[in-house]
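Since the model is a prediction, treat every value here as computed from it, not as a measurement.
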Amino acid sequence: MVEIELDGKKVEVAEGSMVMHAADKAGTYIPHFCYHKKLSIAANCRMCLVDIEKAPKAMPACATPVTQGMIVRTQSEKAIKAQKSVMEFLLINHPLDCPICDQGGECQLQDLAVGYGGSSSRYEEEKRVVFHKDVGPLISMEEMSRCIHCTRCVRFGQEVAGIMELGMVNRGEHSEITTVVGDTVDSELSGNMIDICPVGALTSKPFRYSARTWELSRRKSVSPHDSTGANLIVQVKSNQVMRVVPLENEDVNECWIADRDRFSYEALNGDDRLTQPMLKQGGQWQVVDWQTALEYVANGLRQIKADHGAASIGALVSPHSTVEELALATALMRGLGSENIDHRLRHADFTRSAGVRWLGTSIASLSQLQRVLVVGSNLRKDHPLFAQRIRQAARKGAAVHAIANQAQLASRDAWAMPLASMQTAEAAGWGDALAVLAAAVAAEKGVSAPSHAEPTDAARATAKSLMGGERKAILLGNAAAHAADASRLLALAQWIGEQTGASVGYLTEAANTVGAQWVGALPGAQGLDAGRMLAGGLQAVLLLNNEPEFDSAAGAKAAQGLDGAQMVVTLSPFKANLAFSDVLLPISPFSETPGTFVNAEGRIQSFHAVVKPRGEARPGWKVLRVLGNLLGLTGFDFETSQDVLAHVRSGLDGVATHVPADRLSNALVGPVDLAAPPAAPAAEPVAASIYQLDGLVRRAPSLQLTADGRGSAHAVRGVAYYQAIDEVTA
């Protein structure tokens with residue numbers, strides 16, 4: 001540790017730290033633009049100049065290492081004069097168009113200009129003009145004349161997103177940030193560039209000119225998409241979600257969010273919202289009141305149970321639903337006497353779990369891993385924030401190994417991180433690849449291999465790598481969980497993990513995959529799994545927050561399986577499943593209901609509604625509670641969503657933040673034959689692309705216009721959306 005004197009106070013910091021780090025520790029603010037705690041040091045802006053004793057001139061705090069006994073003054077005349085001079089230079093070419101700038105009111109340059117800027121400029125020359133760029137549907141670079149060349153966006157792309165999509169070209173007053181060859185910015189984390197831009201050069205294209213920052217109310221929430229459970233600030237105006245930005249949480253998402261977390265809010269305000277209950281009568285959809293719709297459903301369930309038995313009723317529930325909704329849906333099925341409920345719509349292997357399958361380690365620990373083996377995952381697209389953490393580990397020297405199919409691992413650069421080894425194989429071959437790796441590990445350790453596979457040279461190299469290091473993990477991706485031989489993959493991963501000392505876990509697909517398991521949204525011993533329910537045979541089906549044609553392994557065949565049921569009830573925020581549903585019940589999306597998600601590490605995160613439900617939509621837990629009451633079932637006397645959560649958490653410490661450790665287990669039920677592959681060839685799992693994961697992202701026009709979204713049927717929504725905007729603004 002090194003001790004310095006900062007504005008008369010003694011501060012102790014680690015050797016190698018910069019003066020800026022010492023100031024942060026002491027709680028002393030030093031003005032800056034290019035410095036960011038998560039990015040490398042560039043020392044571009046020079047706004048952080050400070051007075052260091054015995055130094056002939058002011059020095060940049062972000063790039064000056066501390067030395068023992070150093071004396072630093074941040075408020076001396078020398079420091080203030082230097083900072084004001086830098087501000088004067090920065091404002092020479094700045095357009096000073098704060099009244100029309102989207103960044104106005106939350107702009108670092110604007111804030112610091114108040115304290116360090118002059119009331120007039122000594123420069124009368126013409127200001128420079130930088131031509132605008134079109135870099136895609138998410139980021140606006142219309143006013144690049146505002147850019148102060150801090151290069152935060154460039155460094156973010158290189159260091160966090162893993163792709164250098166922006167760079168600075170030319171010199172002097174001709175310098176500008178650009179994509180160089182006119183490409184679009186396509187990173188799945190690109191929206192974070194908007195947040196870290198200290199001026200109004202990079203702004204949100206969907207939000208552009210929609211509201212002023214001081215008009216917005218800010219409310220906390222949690223992302224409803226992947227299993228990170230990213231913490232959000234949802235910004236609201238006139239009971240409408242206008243913008244979503246990250247809420248910093250070092251243990252979960254740090255200060256970043258994925259683009260689908262940021263821009264999927266567009267779907268909340270779209271025309272596809274279901275705002276009134278509807279019944280299909282004579283092949284035509286009719287709007288009805290809630291009482292009529294709920295009584296129709298309750299009477300239909302009673303009649304079908306009387307005619308065909310409780311086993312003819314089932315529920316397919318989305319792992320993007322809240323804990324409260326899933327708990328009541330499960331209670332509803334059990335109360336009716338049915339064991340047919342499942343959240344595993346995309347799975348092909350429905351082997352029972354010994355416990356709640358989870359990440360197997362903490363999210364924060366992913367940044368510190370030294371060895372990683374990822375199986376069956378398009379890591380960047382499936383879990384952008386997990387990929388970002390593993391990328392951090394790789395930058396520190398971690399060896400990352402991958403086994404995936406061609407689509408997931410198109411090239412060594414597909415994950416935007418260095419890979420120590422990569423094996424491309426279709427899903428049917430992943431088990432064999434793991435068996436060969438297990439044989440190589442066995443040979444390294446001199447123990448019996450779990451199968452008869454012969455190790456290859458490549459497998460031996462990977463095994464040797466996994467045997468080294470202290471912090472290591474084997475992570476099974478979405479496609480590995482969905483694969484037909486998922487149990488064999490897990491068993492082989494467990495064996496390799498035991499031999500190498502690595503943790504073994506699932507990246508887990510959705511915002512509440514862990515929560516769905518925790519509340520028991522799984523079929524009972526005699527119940528039908530999602531695959532069999534979608535194949536047909538049920539007379540009554542409840543679809544909670546999902547569209548089987550897009551959200552299940554059955555795909556288009558799901559419509560055929562459900563079409564034979566007497567009654568299909570869809571509970572959704574959107575006009576979904578119109579072809580085969582008989583009843584549509586409008587439930588609130590995550591922004592309009594209180595609820596709870598449990599992320600991949602088992603962290604329980606509750607949130608409140610940020611706006612009122614749209615139209616006659618109601619929170620899903622309330623709809624299920626009333627339905628339970630109409631059916632005369634016990635255990636549905638809840639007044640609030642907190643009451644439902646308290647019931648789920650019964651027996652759990654009131655301050656517990658995670659699912660109990662004794663419930664979290666990736667162990668298998670019963671033995672799995674590791675020596676032999678499955679009798680039937682494993683089908684290729686259905687892969688949901690990054691912007692097809694759930695109903696919200698599918699209906700977000702801007703996301704569908706990105707490179708990852710284009711080509712899907714839903715991209716047409718995005719084209720129509722922007723054509724409408726162009727007509728209005730023309």
Side-chain angles (χ1 to χ4, degrees), residues 293-345 347 350 352-353 356 512-513 515-546 548 551-552 558 561-562 564-572 577 581-583 585 587 595 619-638 641 644-645 647-648 650:
L294 289 172
E295 286 182 355
Y296 180 90
V297 174
N299 292 334
L301 291 173
R302 285 195 201 94
Q303 189 62 48
I304 290 170
K305 179 180 178 180
D307 293 344
H308 303 280
S312 66
I313 302 172
L316 293 163
V317 296
S318 169
H320 297 279
S321 300
T322 66
V323 163
E324 293 81 357
E325 291 166 349
L326 293 169
L328 290 179
T330 303
L332 185 70
M333 287 296 107
R334 303 282 191 257
L336 286 168
S338 172
E339 297 183 359
N340 306 327
I341 183 168
D342 207 347
H343 71 278
R344 302 167 298 175
L345 276 70
H347 285 228
F350 296 97
R352 294 185 63 79
S353 302
V356 174
N512 210 19
T513 301
Q517 299 172 78
W518 182 35
V519 301
L522 294 160
Q526 304 303 316
L528 300 179
D529 56 52
R532 289 189 286 172
M533 283 191 271
L534 287 167
L538 291 178
Q539 296 300 317
V541 186
L542 267 64
L543 301 174
L544 176 60
N545 208 18
N546 66 81
D551 295 328
S552 76
L562 294 170
Q566 288 186 33
M567 184 175 70
V568 177
V569 181
T570 292
L571 294 85
S572 173
N577 306 327
S581 291
D582 300 287
V583 187
L585 301 179
I587 62 172
W621 72 269
K622 284 189 176 182
V623 175
L624 291 164
R625 180 200 64 187
V626 174
L627 197 52
N629 291 334
L630 288 174
L631 288 166
L633 305 179
T634 58
F636 282 81
D637 301 323
F638 300 109
S641 65
V644 183
L645 181 61
H647 176 71
V648 173
S650 58

key: ring-ring contact (aromatic ring centres under 6.0 Å, His included) involving Tyr296 - partner list, sequence neighbours excluded   = none

query = Atom OG in Ser552, atom CE in Met533: separation rounded to 0.5 Å?
reply = 11.5 Å

task = Specify the closest pair of heavy atoms between Val519 and Thr330, including all atoms of both residues, with the distance to one decimal.
result = O-CG2, 4.0 Å

task = Output the distance between atom CD (Gln303) and atom CG (Asn299), rounded to the nearest 0.5 Å.
result = 8.5 Å

message = With rounding to the nearest 0.5 angstrom, report the CG to CD1 distance, Leu332 to Ile341.
response = 8.0 Å

task = Measure the spacing between CG of Asn577 and CG of Asp551 and express it to the nearest 0.5 Å.
result = 8.5 Å

ask   = Just how far is it from atom OG1 of Thr513 to atom NE2 of His320, taken to the nearest 0.5 Å?
value = 7.0 Å

remark   = Distance col, row Leu301:CG vs Ser338:OG, nearest 0.5 angstrom, shows 10.0 Å

remark   = Nearest heavy-atom contact between Ala327 and Val648 is CB-CG2, 3.7 Å

key: By side-chain contact (heavy atoms from CB on, under 4.5 Å) - contacts of Ser641 (at least two apart)   = Glu324, Pro594, Trp621

task = Taking Arg352 for its side chain and Pro523 for its backbone only, find out whether a donor-acceptor pair lies under 3.5 Å.
result = yes

ask   = Side chains of His308 and Ile313: does their closest heavy-atom pair fall under 4.5 Å?
value = no

query = Taking only residues at least two apart or on different chains, which pairs with a member in residues 517-528 satisfy side-chain hydrogen bond (donor to acceptor under 3.5 Å, both in side chains)?
reply = none

request  = Output yes when a side-chain donor or acceptor of His343 lies under 3.5 Å from a complementary backbone atom of Ala516, and no otherwise.
outcome  = no

query = What residue pairs, at least two apart or across chains, pass salt bridge (charged side-chain N to carboxylate O under 4.0 Å, His left out) with a residue in residues 528-545?
reply = Asp529-Arg532

Just distance, no hydrogens or angles: give the donor-acceptor pairs under 3.5 Å from side chains in residues 537-546, sequence neighbours left out.
from   : atom 1 : to     : atom 2 : distance (Å)
Gln539 : OE1    : Gln566 : NE2    : 3.2
Asn546 : ND2    : Leu316 : O      : 2.8
Asn546 : ND2    : Leu544 : O      : 3.0

ask   = Can you name the residues that form a side-chain contact (heavy atoms from CB on, under 4.5 Å) with Leu294, not counting sequence neighbours?
value = Trp290, Leu585, Val623, Val626, Leu627, Leu630

message = Quick one: does any side-chain atom of Asp342 pair with a main-chain N or O of Ala530 as donor and acceptor, under 3.5 Å?
response = yes

ask   = Could you walk me through whether Met333 and Leu336 pass the side-chain contact (heavy atoms from CB on, under 4.5 Å) check?
value = CA-CA 5 Å; Met333 287 296 107; Leu336 286 168; 4.0 Å; yes

task = Report yes or no: does Asn340 contribute a side-chain atom to a donor-acceptor pair with the main-chain N or O of Ala311 at less than 3.5 Å?
result = yes

ask   = Should Leu631 and Phe636 be marked as a side-chain contact (heavy atoms from CB on, under 4.5 Å) after you check the CA-CA gap, both sets of side-chain angles, and the distance that decides it?
value = CA-CA 10 Å; Leu631 288 166; Phe636 282 81; over 6 Å; no

For the student: nearest non-hydrogen atoms of Pro548 and Leu534, plus distance = CB-CD2, 3.8 Å

query = Where do Val323 and Gly515 come nearest, in terms of heavy atoms and distance?
reply = CG2-CA, 4.3 Å

remark   = For Val317 and Ala521, the nearest pair of non-hydrogen atoms, with its separation, is CG2-CB, 4.1 Å

